[in-house]
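Okay, structure first, notes after.
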Amino acid sequence: MSNNSEKKTETNVQSPQNEEAQIPLAELLKIRRDKIKRLREQGVNPYPYRYERTHYIANALADFDRLSESETTISLAGRIMAKRKMGKSIFADLRDSTGKVQVYVKLNAVGQEAFDLFDSLDLGDIIGCDGTLFVTRMGENTLAITRFELLSKALHPLPDKHSGLKDLETRYRRRYADLIVNPEVREVFRTRSKIIQAIRDFLNNHGFLEVETPILQPLYGGGNAKPFSTHHEKLDMPMYLRIADELYLKRLIIGGYDKVWEFCKDFRNEGMDRLHNPEFSMIELYWAYADYRDMGAMFEEMLRKVVLKVHGTYSIPYGDHQIDFEPPFKWASMIDSIKDETGIDMLDMSHEEAKSAANQLGITDKDKLFNWGKCVEAVWEAKVEHTLIQPTFVCDFPVEISPLAKRHRDNPRLTERFELFVAAQETCNAFSELNDPVDQLQRFMQQGKALEAGDEEAQPLDDDFITALSYGMPPTAGLGFGVDRLVMLLTNQHSIRDVLFFPQMKDYKEGTIPVSKMLSHLIDQEDE
RNA sequence: GGGGGUGUAGCUCAGUGGUAGAGCACCUGCCUUUUAAGCAGGGUGUCGAAGGUUCGAUCCCUUCCACCCUCACCA
């Protein structure tokens, strides 16, 4: 066994030159590497330091008539995305962060040396160019170059200029390449930024203080999830990456701030799929002296403003649906909406009655039916959830499934809690927060038992948090929502990976030779 | 974790039990307002990895890896 593998290694080691010489990418890299060497010999620095540009492309085009009539010399900088040579003149497409423009180089306008340099440029190279704007015979607004400069030589070829980069794995692993060639991807992330900015503006304008709390924590909590564990060397203690912000933000409410919020990067050591990345973003906010109804009204207003700011309309597409964010959103209690869908009123049922009601609807999984609240949830999920396409506040969840929410003031079986559903997906989770330290301690103890029993997602007892609560926390409404999921909804993206620049990927890829290895081999050859 | 699918050139994709194909990109020519520029020539490949079947495997079989979809749990 070990003999075999050693033999294989030997043969691999013996023929690396031959093997790599046969790799076409290495060949392409070598061609460009040779170009760089030639440039340096001519005294051209392929990686200079700065370029003084006068216009972004979009601005230059917006002011085209004036700039072209006055023959103003302007300076643009960007990446070459296409090149068309026509004998002694060359056209190229130059792109910067704002747009694209055609540039034009003519032999007798720039001289032989500069013309040859431009001729040798590759797609992907970054240049700066000075010139004047004019319209070609074919009617295209174009920059006639009077002078240009190579600003950065690209070694790696760009993906296909027409079909772009489609392979999902490559797009996620090499997001920069995806962004270079796929404009719609650039747009999704611009929208993401806009959404977050709109939320930040809204909260700051409503008197919420943006705060920061620890990501690296001695104890995790505020949700049910398995954490990432690490270790602090000097303190010699275990540490965790946070799974939620809740407990720290509540400490700030106790400390006397009335309205706080945080943009939180959270980490959960769980499975990954279309809706889950191990690292994700949440926004949590806490509002003292308010209850969950106040919070619902504010969240509705926030969403309304964000949608309008980002899309300019309340009606946006998502998958097969057209979602209308025109307020007011519908409120439907869990119990009532079950009644509406099935005719069954579960409010005053015993556990046994609820279970048989669920059974009659075809729900038999015992784990989902082990108390009244779970039965209500199971029936609701089976019969109601998928119908909630338009924005709907689902409220008043059973107490058994809402361990962090205050009991409902009108019915102790329920809690003051809501989730907003859009396109049958949960968009936020909010409650009138539990502020009775004894009640909180008891719920921690229950979680502790679950933890001991092997539930890796149960919350450990946080003594310090109980201490904090015992100083007295005002009545408070709290709300949290997944930023990535909201961005998915507002940009019509199917997967969380399409709204994260760098989604988590397994880092092993068999059979691929890294560019760095090809390059070091190239350098070795040059040294010989 | 269960089920289904994909993996061939830098990119997008065809294809076959018997020496591997196209378009774009790239290289060499020609062309001074082109524009998915055009014309002529050039293929640069561990057909995801490792085994197996076979005279012969990129193709068939097994295992593995990565990615996608889907179901169950979580935001």
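Chain letters run A, B, ... following the sequence lines, proteins first and then strands; every chain starts at 1. This is a predicted model, so every value here is computed, not measured.
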*asked:* Rounding to an integer number of angstrom, what distance separates B:C24 and B:C39 when you compare their P atoms?
replied: 9 Å
Enumerate all atom pairs, one protein N or O and one N or O from nucleotides 26-28 of chain B, separated by less than 3.5 Å.
{"from": "B:C27", "atom 1": "OP1", "to": "A:K35", "atom 2": "NZ", "distance (Å)": "2.7"}

With ring centroids as reference points, do [X] and [Y] lie under 6.0 angstrom apart?
X      : Y      : value
A:Y104 : A:F134 : yes
A:W380 : A:F421 : yes
A:F431 : A:F418 : no
A:F228 : A:Y240 : no

Against the six-membered ring of A:F397, is A:R417 placed for a cation-pi contact (under 6.0 Å from the centre, within 45° of the normal)? yes
Heavy atoms under 4.0 Å, any strand shown: does [X] hit a base, just sugar-phosphate, or nothing?
X      : value
A:N108 : base
A:K85  : base
A:K30  : nothing
A:D273 : base
A:M282 : nothing
A:F134 : base

Margin query: Looking at A:R95, I want to see if its CZ is surrounded by more than 12 non-hydrogen atoms of other residues, nucleotides or ligands under 6.0 Å.
Written below: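 For A:R95, atom CZ is crowded (more than 12 foreign heavy atoms under 6.0 Å).
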Atom pairs, N/O to N/O, protein against nucleotides 11-15 of chain B, distance under 3.5 Å?
{"from": "B:C11", "atom 1": "O2'", "to": "A:D160", "atom 2": "N", "distance (Å)": "3.2"}
{"from": "B:C11", "atom 1": "O2'", "to": "A:G164", "atom 2": "O", "distance (Å)": "2.7"}
{"from": "B:C11", "atom 1": "O2", "to": "A:D160", "atom 2": "OD2", "distance (Å)": "3.4"}
{"from": "B:U12", "atom 1": "OP1", "to": "A:K166", "atom 2": "N", "distance (Å)": "3.0"}
{"from": "B:U12", "atom 1": "OP1", "to": "A:D167", "atom 2": "N", "distance (Å)": "2.8"}
{"from": "B:U12", "atom 1": "O4'", "to": "A:S163", "atom 2": "OG", "distance (Å)": "3.1"}

All stems that RNA chain B takes part in, i.e. 3 or more consecutive Watson-Crick or G-U pairs with distances under 3.5 Å, are B:1-7 with B:65-71, B:10-13 with B:21-24, B:26-30 with B:38-42, B:48-52 with B:60-64
### Message
Rounded to whole Å, please give me the gap between CE in A:M518 and C1' in B:U44.
### Response
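So the CE-C1' distance, A:M518 to B:U44, works out to 12 Å.
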